[in-house]
Amino acid sequence: MHKSFGSNTDWVACLLMWGIGSVILGIFSLVVGDVVWHGLAGVSWEFLSTAPRDAGRAGGIIPILISTGLLLSICLVVAIPIGLGAAIFLAECTSEHHAFGRVVRISLDVLTAVPSIVFGLFGYAFFSHMLGMGFSLVSGGLTLACMVLPILIRATEEGFRTVPNEYRLGAAALGLSRMTTLMTLLLPAAMPGLMVGVILGTGRAMAETAALIYTSGYVDRMPESLMDSGRALSLHIFDLSMNVPGGNANAYASAVVLIGLLLVMNTLASWVAGHWLKRRMFWA
Amino acid sequence: MILLPNITLSPSRVDQLLVWILQGLAAFAGILVLLIVGFLMLEAFPAVRQIGFLSFFSDASWHPVEGFYNVMAMVWGSLLAMLGAVLLATPLGICSAVFCHFYAPTWFVEPYRKLIELLAGIPSVVYGLWGLVVLVPLIGQLHPPGPSLLAGISILTIMILPTIALMADASLAKVPSVYLRGAIALGLSRWTTIRCIIIPAATSGLSTGIILGIGRAIGETMAMLMVCGNVVQVPTNLFDPMRTLTANIALEMAYAVEDHRAALFFTGFLLLGVVIVMVLAVDYIKQRHTYA
Amino acid sequence: MGGGTLVEAKDVLGMSARSTSRFQPWGPFEERSACCEPHPLIRAEKLSLYYGNTPAFEGVSWSIYQGCLTALVGPSGSGKTSFLTCLNRLTDLIPGCRVIGELSLGDLNVFAEQTDVLQLRRQVGMIFQKPNPFPLSIRKNLELPLREYGIIDRGRTDHLIEQTLNDVGLWREVQDRLDVPALRLSGGQQQRLCIARALILSPQVLLMDEPCSALDPLSSGVVEDLIARLRGQYTVVIVTHNLAQARRIADYASLFWVHDGVGQLIEEGPVSQIFETPQHDLTAAYISGVRG
Amino acid sequence: MIMLSWPYHTLACFLFLLMMGCESSDRMQNSAKLVITGSSTLAPLVADIGKRFESIHTGVRIDVQTGGSSRGLADVRQGLADIGMMSRPLHATEQDVMSRPIARDGISMIVHQSNPVQALRNEQIIKLYTGKIHNWKEVGGEDAPITVINKAEGRGTLLLFLTYFQLQNIHIRAHVVVGDNEQGIKTVAGNPHSIAYVSIGTAEFDANHGVPIKLLPIRDIPASLDNLQNGTFPLSRSLLFVTNFTSTTLAKDFINFVQSAAVYDLIAQHYFVPISS
């Protein structure tokens, strides 16, 4: 009697989990499949290596890919050090109930919910106008960094919080300086958290449209410097699908490229993290 | 336990410097919020002074060109879409992570996780486009007009699910394995182990995931603009079209001037208010339900 | 050399020519009343366990008697804990873990396909080296296994909880704070709670993996007394590095040893035989502290 | 050593960024740059014209930004842009800038291709949009509820529509509100019982490229670019460039170029009508 009680619910739960797993898989295959189905035919070497013509209806996306890459690098180069530092502070220097930490944490949660268009208008007023960066990749990258920061910090903080206390105790018992403890023990252990943050963050940055319309701009020319305006891939997709009649085919093709790019970057990120982790563990 | 509980206790110069730098970086993140709030206030201030604060809640409708500024319908729109999506995506996301950890065969886990990671980065435009071209006509056949609260909730659910699933996945991975071994040695079934031990032990990470999910849901702009119908009204059922605060900003900012523009900034400001209330509520619930 | 040659040592029971003249570090052996029937409950036939291609132990053939307290001693890496985890199939948790040979619990073939693992683990409780109460309240820790097996009635669960906590001598210490988190208890209390948690399902067999080694001597003594009291009611299999402890509380003992990185059962028998008249050179050396 | 490597890397990256920034600002002073911002309707066209202008005038760069008519106006006023693009007429309070028409555009009522209704009278359209007619049956279509699609507050097309039909936005009972033209077209394509109004150029392009929509005539005049060009189609608007009164010669050159016959082919390619005709 007892046996049947336990295993019946378990069986139902198992079924449910498989059900949910396959539903999620199904929905996403539907969305991704739809995009790939419409767009794969348009992706060719020529598409990847030429500049757009006729407002994007014809031609390729190479300047847009370069601009996207630059935007993303600026965003990550700025956001990762700040995010990591803030996360370390929140996780390692403040307790859950510390007043300053709590204020910062709540501010960050609020920041995650600021609509991207508000970030865009903020970046437009602050970076482009007030700091005089104009409509440029730098201005767009910095705006993206502001957007990505909260995601990065919260995920990394979570990573640090779950590092077992034995590490800290053990390191303290050895008389290691906090700097060393942080760099050699805690950082590698918190790496998976940081990785989730970076993946979610790059995801959000790559997907961003509204914030970039006002900051990095719409110019689909090859950027010559970071002060040039440049169009991001998702903005290109948005423009083609919503603003340019007959842009659908290339919009879908660009979406396929974006998905491919995400795939490559995520794989690269986890590979680099794993590699780095191994080396660090070895030396530490 | 934390590494640097007190600056004064730390003997090393480097450590003190480290703490100051870290504190500075954290403060920077906090200042960013102040900057944005300040910016919104500066832009919204003329509207509040000109139009009057109460007009935003007591006017007949939202017709800024004619001078009517009631935003409540859009506040409800944002809240309903967000609540619906979070209520759907939270269990789905957590289940997806549980599936990944405890049910899926090993060879399947990595591709599955990769897919979810991938989905976290798909632009909202793509989801919106899919919603507009595939989902909305489907709903329209069921019950016209098609663009509706239901479409909004569905798209939002799909969009925030990866965020919640990834955070849940990361936090489940960090539940100490001793709990798992203990539960298994007791002969607890997989489901009981998950429900009564693993999930409670992962609360902190799960709630972070939910907060990020709420954030993305309420802040989502383009996809909402494309599938919700954007009619300013409080939806009375799932098939009614409605407008969110974010869609309102994106839809009208491009053509708004003066008071209208300032009123749009005020809606942005209001959105922040809604978010702050939500975040504080989640924070409060989390504080009450965490076992130290 | 295979397990077979080592098992032959069992056949020379009673030969004590070598041990009589040996140095005796333990003092006179105190005879205990035979508390257990020499009725084998657990039988292992040429049992081997591999992690991938690396063997943990090989060719263990052995019987564990019902109602007795059996100690497993031997150096680290000799496969004691691995052997223990076979008994409740915790080995299932380790990817790439293979078990070859026969293992039966009463009439039940432990590694058979159709064996209900949950049922098996319910009959075989396990205590780990580090106390691992779940991050729940004390009451919930004990309630969880009960509810899992269908005992939901509040009166009955409360009664069982009180009775079991009494059995492990914890009731008086915690009766007025059953709802505080279990993680706030001291180490010794936590370990007794874990024992209570295992006992509350009245299992046949209790596996203990160095249950006292993570505790201070005082708590360790309390837990050890508790384990000694369990003799007769339960079949207890205990892994310990503390030879004195094994000698104090066990009825039977066995010595595991490592040969070329592979664990093997060197000698087994009544604790008097192992400690007084060991049949194997290595046993003699190990218990006298010369090696290991 | 390893422990210290990441701050150095970061520092190096920052320096690199800084250098790139400085270098580019040096170079920028040598070349003439024109920033044009505003209406998303005009942006693709002006970007293409800009590319042609660059190919004729070496050393000149035309940066086209989008973000809406109001942004174009605001950027010109603040000096962030040299030229603003506007797809709506200037209000009475906005006479502090100079406006120049560069192309024409009209709006057309569209329905789904499968809709049997061939034409609607103006009163019918007004009743439809004010919620006095709910079913296609009442205007000669099949028995199905009408989905009315309106444009968002402030859009140029909305203003034109309201002015022409002498409506007020307050009285319009819409089931769906859309932003850009393509969104309206995609919504109509997905809903066989809907009606919307969009730019003629966009609608004509999509209808000719297999999108299941149909353009309805206004007062029996078919909605087409030809009728727009010969001035017979009633619902038309000018697309504007706005500048400060003290605009640079480069800006003037560019505006003259945009108004010249040299770009008529581009304007036609983007389904607008050149201003001269």
Side-chain angles (χ1 to χ4, degrees), chain A residues 6 9-10 13-14 17-18 20-21 24 27-28 31 34-35 82 85-86 88-90 92-93 95 104 106-118 122 125 146 149 151 153-154 158 162 165 168 177-179 192-193 196 199-200 203 206-207 209-210 234 237-238 241 255 262-263 266, chain B residues 1-4 10 12 14-15 18-19 21-23 25-26 28-30 32-33 36 39 92 95-96 98-99 103-104 115 117-126 129-130 134 158 163 166 170-171 174 189-191 205 208 211-212 215 218-219 221-222 246 249-250 268 271-272 275-276 279:
Chain A
T9 32
D10 199 37
C14 185
M17 289 301 155
W18 271 99
I20 288 174
I24 291 175
I27 293 175
F28 286 133
V31 179
D34 185 66
V35 173
I82 297 178
I88 292 172
F89 177 78
L90 287 178
E92 300 295 335
C93 308
S95 74
V104 171
I106 287 174
S107 318
L108 287 172
D109 288 343
V110 171
L111 214 52
T112 57
V114 173
S116 48
I117 191 160
V118 170
F122 168 74
C146 297
L149 212 49
I151 301 176
I153 294 177
R154 285 314 297 251
E158 204 50 54
T162 40
N165 281 334
R168 299 181 183 96
S177 89
R178 266 102 197 222
M179 188 71 163
V196 170
I199 286 173
L200 284 175
M206 287 274 271
T209 320
S234 52
I237 298 172
F238 177 74
S241 60
L262 276 172
L263 205 63
N266 286 353
Chain B
M1 171 178 278
I2 55 182
L3 180 68
L4 301 154
S10 177
S12 151
V14 181
D15 284 357
L18 181 71
V19 173
I21 292 174
L22 293 178
Q23 193 157 16
L25 290 173
F28 180 84
L32 203 57
V33 178
I36 288 181
F39 161 72
L92 282 177
C95 284
S96 152
V98 166
F99 172 73
Y103 289 91
L115 184 80
E117 282 174 5
L118 187 65
L119 293 162
I122 291 186
S124 51
V125 183
V126 172
L129 196 61
W130 181 79
V134 180
I158 296 177
T163 310
L166 279 183
S171 59
K174 286 172 204 139
S189 70
R190 206 155 39 164
W191 177 235
T208 304
I211 288 183
L212 288 181
I218 211 162
T221 313
M222 288 305 177
T246 48
I249 300 175
L271 196 70
L272 275 193
V275 172
I276 289 172
V279 166

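Reckoned from all heavy atoms, side chains included, excluding hydrogens, waters and symmetry mates. In the text below, chain A, chain B and the rest are named by the order of the sequence lines, each starting its count at 1.
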Checking heavy atoms, do the side chain of [X], its backbone, both or neither come under 4.5 Å from chain A?
X         : answer
Ala250(B) : both
Leu119(B) : side chain
Ile276(B) : both
Thr221(B) : side chain
Ile122(B) : both
Tyr103(B) : both
Val125(B) : side chain

Take Ile20(A) and Phe99(B), measure what side chain to side chain contact (heavy atoms under 4.5 Å, CB included) needs, and give me the verdict at the end.
CA-CA 8 Å; Ile20(A) 288 174; Phe99(B) 172 73; over 6 Å; no
Interface residue of largest heavy-atom contact number with chain B, from Cys146(A), Ser234(A), Ser116(A), Ala255(A), under 4.5 Å:
Cys146(A)
Hey, which of Val104(A), Ile237(A), Leu111(A), Val114(A) has the most heavy atom pairs under 4.5 Å with chain B?
Leu111(A)
Rounded distance [0.5 Å steps], CG in Leu32(B) versus CD1 in Ile82(A)
8.5 Å
Let me confirm one number: the CD1-OG1 distance from Ile151(A) to Thr208(B), rounded to the nearest 0.5 Å.
12.5 Å
Mind checking side-chain hydrogen bond (donor to acceptor under 3.5 Å, both in side chains) for Thr246(B) and listing every partner two or more places apart, or none if nothing turns up?
Thr244(B)
Residues two or more places apart in sequence or in another chain: which of them pass side-chain hydrogen bond (donor to acceptor under 3.5 Å, both in side chains) with Ser171(B)?
none
Just give me the residue among Ala104(B), Gly205(B), Gly268(B), Ser124(B) that pairs up with chain A most often, heavy atom to heavy atom, under 4.5 Å.
Gly205(B)
Tell me which of these, Ile249(B), Ile21(B), Leu166(B), has more heavy-atom pairs under 4.5 Å with chain A than the rest.
Ile249(B)
Contacting moiety of [X], where chain B heavy atoms sit under 4.5 Å:
X         : answer
Val35(A)  : side chain
Leu263(A) : both
Leu262(A) : both
Ile24(A)  : side chain
Asp109(A) : both

Any Cys95(B) side-chain heavy atom under 4.5 Å of Met17(A) side chain
yes
Is there side-chain contact between Leu115(B) and Phe28(A), with heavy atoms separated by less than 4.5 Å?
yes
Atom of [X], atom of [Y] and distance for their closest heavy-atom approach:
X         : Y         : answer
Ile153(A) : Ala29(B)  : CD1-CB, 3.9 Å
Ala125(A) : Phe39(B)  : CB-CE1, 3.3 Å
Phe89(A)  : Val19(B)  : CD1-O, 4.4 Å
Ser241(A) : Leu129(B) : CB-CD1, 3.8 Å
Ala210(A) : Met222(B) : CB-CE, 3.8 Å

